[in-house]
Peer 1: 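First the structure, which I've put down as structure tokens, then a few questions once you've had a look.
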Amino acid sequence: MAPSPTGNLHVGLARTFLFNWLFARGSGGECLLRIENTDTSREVAESVDQIQRSLAWFGIEWDGPVTFQLDRMTHCQEVARDLVVKNVAYEDEGAIRFRMPGEGATCYTDLVLGRIEVQNEALEDLVLVRSDGRPTYNFASPVEDWLDGITHVVRGPDHISNTLKQIRILEALGAPVPEYAHVPNINGGDGKKLSKRHGATSLEEFRHAGYLPDALVNFLALLGWSYDDRTTIMSREELIERFSFDRVGASPATLDYQKLDWMSGVYLRDLPPERYADALVSYLHEEGYDWDDELVRRAAPLVQEKITKLGEFPQFAGFFFRDVQPDGDLGDGVVLREAERVLDRVEPFTAEKIEAVLREMAERLELQPRKAFQPVRIAVTGSKVSPGLFESIELLGPERTLARIRAAQA
RNA sequence: GGCGCAUUCGUCUAGUGGCCUAGGACACCGCCCUCUCACGGCGGCGGCACGGGUUCGAAUCCCGUAUGCGCCUCCA
């Protein structure tokens, strides 16, 4: 994996990383992290940091130390000089250029796309080393592949034409030519490149929205790859075991946020209650909420079935942690008055008892349960949509519940 | 412009000449369940870009057209 050190880790790149990793782990190989830097600024360091943080969250680890392209600069220069000596490269205004053959064709078999062939006359002599001494990407990359003993190069389709050039360089060097897999891009909903206006685009944003890394891994794995005609939910282990390039498609995919949300919900609901609470607590900390951990943990089971991403929690269950303004129809006041009266006497204050007295009240008032409960819900939770009403009231406790019902009547 | 790649329901995809009156999932619509929402169950809508070939037979093979994307930097 060889990202450029530019800001946040984009999902498209993350998906390509994922394929790299799945393949490496599934075939007993190693997975390297190489930074394609052309300078050594502070921004590079920060960017590399950010990339590593994102990958760590994503749950993708690599083998060995992170290497930097620029560190191999002198080695590249030496290799280039050898090529000049061998007369396959030449000096040109201070730069070193590679001599492309004028006839014949260059071809290779792509693990995803099949046989790719280009007439050599379409390939132009390319700069290996700039006049200031820095190697170009198209030179440094194959040299590093050789140096690192890379057997498989997995990258985006924008590199197809680079691959042909790099193969020629590798052959001139007498180096082994790795296998190449060009995996399709991920687009936004309009067929255009994925951008901000389509939604989250960097791993950080998905984390921020409250998706579980496992859910995102599963979802992204299915963008451009499939196991069969019906399997969608797969653990990392299953993905590693099942992944193969011959089942990677060639056409670009669109990121469907609705499907991601569905899958996110599947993973969230599948978590054991204790782990769900853990995830919620640490998510809220990350997002800067100072809500009581114990209360969050007790609220967790009430929302686990209800929300599809952790980011919905503050909106959906915020009424446990802060005062609310009722937003909705509170009815003619009869229900609230009665609710206040019966709830005041509930003992013990448990969901079961609360439900019993409220249902009894509904019957007495000759109201359908839904009609009777809705004003109470709105008064207590502030919203027409909430976790289960009785459980919510229990957790909120008698004082706050009654205070809210009174306030709503004022 | 040149070269390359791609094109199956709205979206992700299965499909490698007969199993396809094209299967699954998400979304959407309807019904059921139900304290709201969600979950779950049942049902429905919906697609092989277009045109030629090859073949007894094509979503699948070939050619062309269209559309989209990528590359054509001393960018990565």
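All values below were derived from every heavy atom in this structure, side-chain atoms included, with hydrogens, water molecules and symmetry-related copies excluded. Every chain is numbered from 1 and lettered A, B, ... according to where its sequence line falls, protein lines coming before strand lines. The shown structure was predicted, so the numbers you read here are calculated from the model rather than taken from an experiment.
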Peer 1: Is there a Watson-Crick or G-U wobble partner for B/G44 with both distances under 3.5 Å, and which nucleotide is it?
Peer 2: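 Pairing partner, where one exists within any strand: B/C28.
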Peer 1: Taking atom types as they are modelled, would you say the side chain of A/Ser131 forms a donor-acceptor pair with the base of B/C74 within the 3.5 Å cutoff?
Peer 2: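 A donor-acceptor contact between them is present.
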Peer 1: Would you measure the distance from the C1' atom in B/G24 across to the matching atom in B/A38 and give it in whole Å?
Peer 2: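 Nearest-Å result for B/G24 against B/A38 at atom C1': 24 Å.
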Peer 1: Kindly assign one of parallel, tilted or perpendicular to the pair A/Phe206 and A/Tyr211, based on the angle between their ring planes and the thresholds 30° and 60°.
Peer 2: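 Judged by the thresholds at 30° and 60°, the geometry between A/Phe206 and A/Tyr211 is tilted.
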Peer 1: Take nucleotides 1-12 of chain B nucleotide by nucleotide from the 5' end and write B, S or -, depending on whether a protein heavy atom sits under 4.0 Å from the base, only from the sugar-phosphate, or from neither.
Peer 2: --SSSSS--BBB
Peer 1: Just to be sure I understand the rule, does A/Arg230 reach a base, reach only the sugar-phosphate, or reach nothing, if contact means heavy atoms closer than 4.0 Å?
Peer 2: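 Sugar-phosphate only.
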Peer 1: Distance between the P atoms of B/G46 and B/G41, in whole angstroms?
Peer 2: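 One P to the other, the span is 24 Å.
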Peer 1: With a distance cut-off below 6.0 Å to the six-membered ring centre and an angular limit of 45° from the axis, does A/Arg15 pair with A/Phe19 as a cation-pi contact?
Peer 2: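 Positive - A/Arg15 is close enough to the ring of A/Phe19 and near enough to its axis.
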Peer 1: With C1' as the reference atom in both, quote the distance from B/C48 to B/U13 in angstrom, rounded to an integer.
Peer 2: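 After rounding to an integer number of Å, I get 13 Å for this pair.
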Peer 1: If you only use heavy atoms from C-beta on, which nucleotide in B/C37, B/A76, B/C35 is closest to the side chain of A/Lys306?
Peer 2: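 The closest nucleotide is B/C37.
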Peer 1: Which one is paired to B/A66, where only Watson-Crick or G-U wobble pairs with both distances under 3.5 angstrom count?
Peer 2: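 Across any shown strand, B/A66 pairs with B/U7.
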Peer 1: Grab the CE-C1' distance between A/Met263 and B/U13 for me, whole Å please.
Peer 2: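 In whole Å, B/U13 C1' lies 12 Å from A/Met263 CE.
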Peer 1: Please report, rounded to the nearest Å, how far the C1' atom of B/A25 is from the OH atom of A/Tyr257.
Peer 2: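 Going from OH in A/Tyr257 over to C1' in B/A25 covers 19 Å.
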Peer 1: B/U36 C1' sits how many Å from A/Phe390 CZ, rounded?
Peer 2: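 Atom CZ in A/Phe390 sits about 10 Å away from atom C1' in B/U36.
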Peer 1: Base, sugar-phosphate, or nothing for A/Arg377, non-hydrogen atoms under 4.0 angstrom?
Peer 2: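 Counting heavy atoms under 4.0 Å across all strands, the contact made by A/Arg377 includes a base.
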Peer 1: Looking only at non-hydrogen atoms, find the nearest pair between A/Thr232 and A/Met263 and report the distance.
Peer 2: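 Heavy atoms of A/Thr232 and A/Met263 come nearest at O-CE, 4.0 Å.
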Peer 1: Let me know the distance between CG of A/Leu70 and P of B/A76, rounded to the nearest Å.
Peer 2: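 Rounding to the nearest Å, CG of A/Leu70 and P of B/A76 are 10 Å apart.
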Peer 1: Looking across every strand, which nucleic acid part, if any, lies under 4.0 Å from A/His159 by heavy atom: base, sugar-phosphate, or nothing?
Peer 2: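 If one applies the 4.0 Å heavy-atom cut-off, A/His159 turns out to touch a base.
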